[in-house]
Protein chains: 2
Amino acid sequence: MLKKIGELSLKTGVHIETIRYYERLRLIPKPGRSEAGHRVYSESHAKRLSFIRRCRGLDFSLAEIRYLLQTAEADNPSCADVEKFSKKHLDLIRAKIRDLRKMEKTMKTLLSECQGNRALGCPLIDVLYEG
Amino acid sequence: MLKKIGELSLKTGVHIETIRYYERLRLIPKPGRSEAGHRVYSESHAKRLSFIRRCRGLDFSLAEIRYLLQTAEADNPSCADVEKFSKKHLDLIRAKIRDLRKMEKTMKTLLSECQGNRALGCPLIDVLYEG
DNA sequence: TATAAAACCTGTAGCTACTACAGCTACAAG
DNA sequence: CTTGTAGCTGTAGTAGCTACAGGTTTTATA
């Protein structure tokens with residue numbers, strides 16, 4: 001049941017150093033300690049840590065996760081708030097996708113200039129450099 | 001013709017502090033100085049800086065840009081090398097897009113759980129927290 | 001011409017989210 | 001009894017800026 005940091009790391013997929021880092025930031029509560037001073041975690045730590053990891057996987061910032069954790073562990077979390085919050089986040093993700101798609105397009109165009117055309121320097125660089 | 005840092009910033013769209021930062025990193029050569037010690041830039045600085053900015057806009061790292069600059073200013077830049085380099089970068093952009101699309105999908109699913117279902121806590125958080 | 005505002009200078013510290021040491025102790029296996 | 005693994009603390013490094021503090025210089029206005 002109770003775990004040391006290595007097991008917790010394996011179970012949750014969060015690096016040991018990162019777990020300690022989250023503790024410093026108070027994203028997870030201070031665990032108990034064994035006699036030798038080793039951290040001892042309970043199931044609730046594992047849950048919280050997995051939550052954080054899932055949120056990170058969705059590109060939420062640690063500040064955002066702090067808010068989500070508060071909400072998740074509140075007595076009556078306001079679903080409406082979370083929804084609004086998450087919609088904004090979804091918009092952000094979509095904006096990032098749009099930006100990257102633009103880059104992809106430009107890169108593709110630049111690369112197509114490259115084809116065959118190798119006699120006089122690099123057209124790709126020329127376009128970027130001469131503007 | 002010769003510009004002070006403010007004008008260069010306006011012309012290239014790179015923040016003043018960033019220009020000085022790039023100088024520290026030797027991404028742009030040290031400019032001349034006026035009598036009072038103010039930086040004085042030439043057209044070649046502007047060109048180089050714009051190149052950096054365009055590359056940043058394509059998500060190239062400063063280390064990558066360093067390489068591209070070297071190549072761009074070499075006597076006979078190897079187009080084949082640049083092409084290979086850029087293809088790898090394009091792959092990276094595409095990988096990022098894929099990741100973000102996955103996130104987008106997940107977020108959409110999570111948000112759809114939210115609809116209407118507000119009586120018993122927040123399903124979005126439940127999935128992340130209990131999942 | 002006086003003065004105030006804007007622009008410049010250097011140097012340092014802060015941001016995000018980790019990651020990587022150095023240098024130590026604890027503990028289990030052979 | 002030694003060796004290896006796992007844990008500990010504390011600090012510094014990473015990328016790419018950004019934001020001061022505390023000073024000088026230039027420029028615009030009264």
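Below, chains carry the letters A, B, ... as their sequence lines are ordered, and counting in each starts from 1. Basis for what follows: all heavy atoms, side chains included, without hydrogens, waters or symmetry-related copies.
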Exercise. Rounded to the nearest 0.5 Å, how far does CD of A:Glu113 lie from CG of A:Leu124?
Worked result: 8.0 Å
Exercise. Quick one, which residues of residues 4-14 of chain A touch DNA chain D with a heavy atom under 4.0 Å?
Worked result: A:Lys4, A:Ile5, A:Gly6
Problem set entry | Distance, rounded to the nearest Å, where B:Glu23 contributes CD and C:dG11 contributes P | 11 Å
For this session: Write down the distance between CZ (A:Arg20) and C1' (C:dC21), rounded to a whole number of angstrom.
Result: 12 Å
Exercise. Looking at A:Lys11 and A:Glu43, does any basic side-chain N land under 4.0 Å from a carboxylate oxygen?
Worked result: yes
Problem set entry | Test item: A:Arg48 and A:Tyr22 side chains (from C-beta on) under 4.5 Å apart, heavy atoms | no
For this session: Please list residues of residues 25-39 of chain A whose heavy atoms come under 4.0 Å from any atom in DNA chain D, ordered by number; otherwise none.
Result: A:Arg33, A:Gly37, A:His38, A:Arg39
Problem set entry | Positive for side chain to side chain contact (heavy atoms under 4.5 Å, CB included) with B:Cys122, one of A:Ser86, A:Cys79, A:Ser78 | A:Cys79
For this session: Could you tell me from which nucleotide to which nucleotide of DNA chain D, 5' to 3', there is an atom under 4.0 Å from chain B heavy atoms?
Result: D:dG16 to D:dT26
Solution key, residues 56-71 of chain B side-chain donor-acceptor pairs under 3.5 Å, sequence neighbours excluded:
residue : atom : partner : partner atom : Å
B:Arg56 : NH1  : B:Phe60 : O            : 2.6
B:Asp59 : OD2  : B:Lys96 : NZ           : 3.0
B:Ser61 : OG   : B:Ala63 : N            : 3.4
B:Ser61 : OG   : B:Glu64 : N            : 3.1
B:Ser61 : OG   : B:Glu64 : OE1          : 3.4
B:Glu64 : OE1  : B:Ser61 : N            : 2.7
B:Arg66 : NH1  : B:Leu25 : O            : 3.1
B:Arg66 : NH2  : B:Leu25 : O            : 3.3
B:Thr71 : OG1  : B:Tyr67 : O            : 2.9

Problem set entry | Separation of C:dA17 P from A:Arg53 CZ (nearest whole Å) | 16 Å
Could you list the donor-acceptor pairs under 3.5 angstrom formed by side chains in residues 97-108 of chain B, with sequence neighbours left out?
residue  : atom : partner  : partner atom : Å
B:Glu104 : OE2  : A:Arg94  : NE           : 2.7
B:Thr106 : OG1  : B:Lys102 : O            : 2.9

Exercise. Would B:Ile52 and B:Leu10 show up in the same hydrophobic cluster when neighbours are defined by side-chain heavy atoms closer than 4.5 Å?
Worked result: no
Exercise. Side chains of A:Tyr41 and A:Glu7: donor-acceptor distance under 3.5 Å anywhere?
Worked result: no
Problem set entry | Heavy-atom check, side chain of B:His38 versus side chain of B:Ile5, under 4.5 Å | no
Exercise. So does A:Arg26 have more than 12 non-hydrogen atoms from other groups sitting under 6.0 Å from CZ?
Worked result: no
For this session: Give B:Tyr22 one of three labels, base, sugar-phosphate or nothing, depending on what nucleic acid heavy atoms sit under 4.0 Å from its own.
Result: sugar-phosphate
Exercise. So what does A:Arg56 hit on the nucleic acid, given a heavy-atom distance under 4.0 Å: a base, only sugar-phosphate, or nothing?
Worked result: sugar-phosphate
Exercise. Can you check the B:Glu17 CD to C:dA7 P distance for me, whole Å?
Worked result: 13 Å
Problem set entry | Positions of residues 61-69 of chain B (non-hydrogen atom under 4.0 Å from DNA chain D), listed by number | B:Ser61, B:Leu62
For this session: Between B:Arg24 and B:Ile16, just flag the one whose closest nucleotide in DNA chain C comes earlier from the 5' side.
Result: B:Ile16
Problem set entry | Shared hydrophobic cluster, B:Leu92 / B:Leu90 (ILVMFWY, side-chain heavy atoms < 4.5 Å) | no
Seminar exercise, completed: Tightest non-hydrogen contact, residues B:Gly13 and B:Arg53, listed as O-NH1, 3.3 Å
Problem set entry | Gap between atom CG of A:Leu27 and atom CZ of A:Phe51 - 0.5 Å precision | 10.5 Å
